[in-house]
Amino acid sequence: MMIDPFLPFEWALAHGRTLTLGPAGRLMAIINVTPDSFSDGGSYTDTEAAVAQALRCLENGAEILDIGGESTRPGAAAVTAAQEQDRVLPVISALASRTDAIISVDTYRAATARLAIAAGAHIINDVHGLQREPDLAAVAAATGAGLCIMHTGRDREKLTDVVRDQYLFLERSLEIAAAAGVERRRIALDPGFGFAKDTDENIALMARFEELVGFGLPLLAGTSRKRFLGAMTGREAQERDAATAATTALLRIAGAAVFRVHDVAINRDALLVADAMLAAKRNMPERPGKENRP
C-alpha cells in the first residue's frame with residue numbers, strides 16, 4: 001500500500017494538545033540550555049536568555065520549541081540527571097506560563113521526561129530511540145506525551161545499508177514503545193542525521209529518504225548545521241544555515257514533516273517554497289499520455 005506523507009496526521013501530544021502534520025512542514029526550534037553544544041553552546045545557558053531566544057523563534061515561525069540540557073555532540077561531557085533538570089525545567093515552566101507554544105524536551109532520561117511533562121512540555125525527544133532508557137516509553141504512555149524516536153548508530157554495530165539499518169533500529173524502538181502502551185498516533189521518527197554517520201552515509205540517507213515513508217509515521221529531519229554540511233560546503237557550524245535550508249526543502253519534498261533547526265527564519269522560507277511547489281503538484285491536472293502529447 002502506498003503511504004502519502006502529505007496527508008493529515010494528527011500528532012497526539014501531552015495535555016490534550018495535537019499538531020496536524022503532513023499538509024505543511026512544521027518547524028521545531030533548537031533551544032540548547034548548554035555550555036558546550038556544537039553550534040550555540042553557551043549562548044542560552046540562563047533561563048531568561050533561553051526564554052528570550054525561544055520567543056524570537058516563535059516570532060520567526062517555529063511551532064515547537066525543543067529544550068535540551070545535555071550536548072549530544074561527539075565527545076561532549078556527560079551531565080547528571082540533576083544538572084540536566086536544573087537547566088531545562090525552569091525554561092519549560094517559564095515558556096508554558098508565557099506562551100501556548102508546543103514544547104519538547106530533548107532527553108533520554110525517564111526521570112527528566114516525567115518532570116518536564118509535569119512542568120508543561122508536550123513532547124519527549126529521545127536521541128537514543130528508547131534503547132538507552134526503555135522506561136522512557138512508559139513515561140510517554142502514562143503522560144500521553146508525543147514521542148520523537150531517533151535512530152542512532154552510536155555504541156552499536158551498524159548494517160552497511162543505511163536504510164536497512166534505519167528499519168533494524170527503529171523497528172526495535174517501536175516494539176519498545178508498543179510494549180509500554182504508547183499509541184502510534186503519538187509517535188514521530190527521526191533518522192538521526194549526523195549520529196555516527198559519515199558524510200557519504202548522510203547524503204545517501206537524504207537521497208533515499210522517501211524509503212522511510214514506509215514506516216507510516218511522521219518523519220522529523222534534524223540536519224541543522226551538521227558536520228556533513230560543513231564537509232560539503234567548507235563552512236563552519238554557524239555558517240551552515242543556507243545549506244541547512246537547502247536540505248529542508250529537499251527533505252520536505254521527499255516526505256519529511258517536521259524540521260529541527262537553529263535558524264528558524266531561513267528554514268521557514270525554504271518550507272514555504274517547498275510547500276508551494278508540493279501544493280501546485282497536487283493541484284495539477286493529470287498529464288496526457290505520450291500518445292496525446294504535441
Side-chain angles (χ1 to χ4, degrees), residues 5 25-32 34 36-43 57 60-62 66 68 71-76 106 125 127 129 148 150-156 158-167 169-170 188-213 219-278:
R26 307 290 192 176
L27 290 169
M28 171 188 277
I30 299 168
I31 311 295
N32 286 322
T34 58
D36 57 347
S37 291
F38 80 96
S39 171
D40 56 0
S43 297
C57 290
N60 286 333
D66 191 42
S71 174
T72 57
R73 67 175 175 80
D106 182 357
N125 182 13
V127 299
C148 185
M150 197 193 82
H151 173 283
T152 182
R154 293 182 182 175
D155 302 320
R156 51 182 284 268
K158 300 182 297 180
L159 299 179
T160 55
D161 184 282
V162 293
V163 172
R164 284 185 61 212
D165 196 68
Q166 290 280 323
Y167 277 87
F169 183 89
L170 291 173
L189 300 178
D190 179 350
F193 285 100
F195 279 75
K197 301 173 183 70
D198 63 25
T199 297
D200 289 343
E201 289 172 316
N202 284 297
I203 295 171
L205 192 54
M206 286 185 58
R208 298 176 61 188
F209 194 85
E210 291 178 349
E211 296 177 48
L212 303 181
V213 170
L219 299 171
L220 182 150
T223 62
S224 189
R225 299 181 181 174
K226 291 287 176 73
R227 185 179 303 176
F228 79 98
L229 298 179
M232 288 191 286
T233 63
R235 295 188 181 276
E236 296 300 319
Q238 293 187 338
E239 300 174 333
R240 298 173 190 163
D241 290 322
T244 300
T247 67
T248 292
L250 291 168
L251 292 172
R252 175 60 185 152
I253 292 166
V258 181
F259 301 83
R260 185 177 181 274
V261 300
H262 295 87
D263 187 320
V264 172
I266 193 171
N267 286 281
R268 174 182 175 273
D269 289 354
L271 277 183
L272 288 172
V273 172
D275 278 332
M277 192 203 80
L278 288 168

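With rounding to the nearest 0.5 angstrom, the CG atom of L278 is 6.0 Å from the CZ atom of R252. Note that CD1 of I253 and CD of E210 are 10.0 Å apart. Values are rounded to the nearest 0.5 Å. A distance of 5.5 Å separates NE2 of H262 from CG of N32, quoted to the nearest 0.5 Å. The CZ atom of R26 sits 12.5 Å away from the CZ atom of R268 when rounded to the nearest 0.5 Å. How far CG of D190 is from CZ of F195: 8.0 Å, rounded to the nearest 0.5 Å. Rounded to the nearest 0.5 Å, atoms CZ (R227) and CZ (R240) are 8.0 Å apart.
Looking only at side-chain heavy atoms (C-beta outward), N125 and R260 come within less than 4.5 Å of each other. The closest side-chain heavy-atom distance from V261 to L27 is below 4.5 Å. Between D165 and E201 the shortest side-chain heavy-atom distance does not fall below 4.5 Å. The side-chain heavy atoms of L229 and R235, taken from C-beta on, include no pair separated by under 4.5 Å. Taking 4.5 Å as the limit, some side-chain heavy atom of Y167 sits within range of a side-chain heavy atom of L212. Residues V162 and K197 have side chains not in contact (no heavy-atom distance under 4.5 Å, counting atoms from C-beta outward). With contacts defined as side-chain heavy-atom distances shorter than 4.5 Å, the pair T244/N267 qualifies. Q166 is not listed as a side-chain neighbour of L189, based on a closest heavy-atom distance of 4.5 Å or more.
Between the side chain of T34 and the backbone N or O of S71 there is no donor-acceptor pair closer than 3.5 Å. For D275 (side chain) and G25 (main-chain N/O), a donor-acceptor pair under 3.5 Å exists by modelled atom type.
Of all heavy-atom pairs spanning K226 and F193, the tightest one is NZ-O, 2.6 Å. Shown here for G153 and A196, the closest heavy-atom pair between the two residues is C-CB, 3.4 Å. Nearest heavy atoms, F259 versus T248: CE2-O, 3.5 Å. Nearest heavy-atom pair, G68 versus D106, reported as atom, atom and distance to 0.1 Å: CA-CB, 3.8 Å. When all heavy atoms are compared, the tightest approach of S224 to I30 is CB-CD1, 4.2 Å. Residue V264 comes nearest to N60 through the heavy atom pair CG1-O, 3.5 Å, listed as atom of the first residue, atom of the second, then distance.
Environment of CZ in R156: crowded, with over 12 heavy atoms of neighbouring residues, nucleotides or ligands closer than 6.0 Å.
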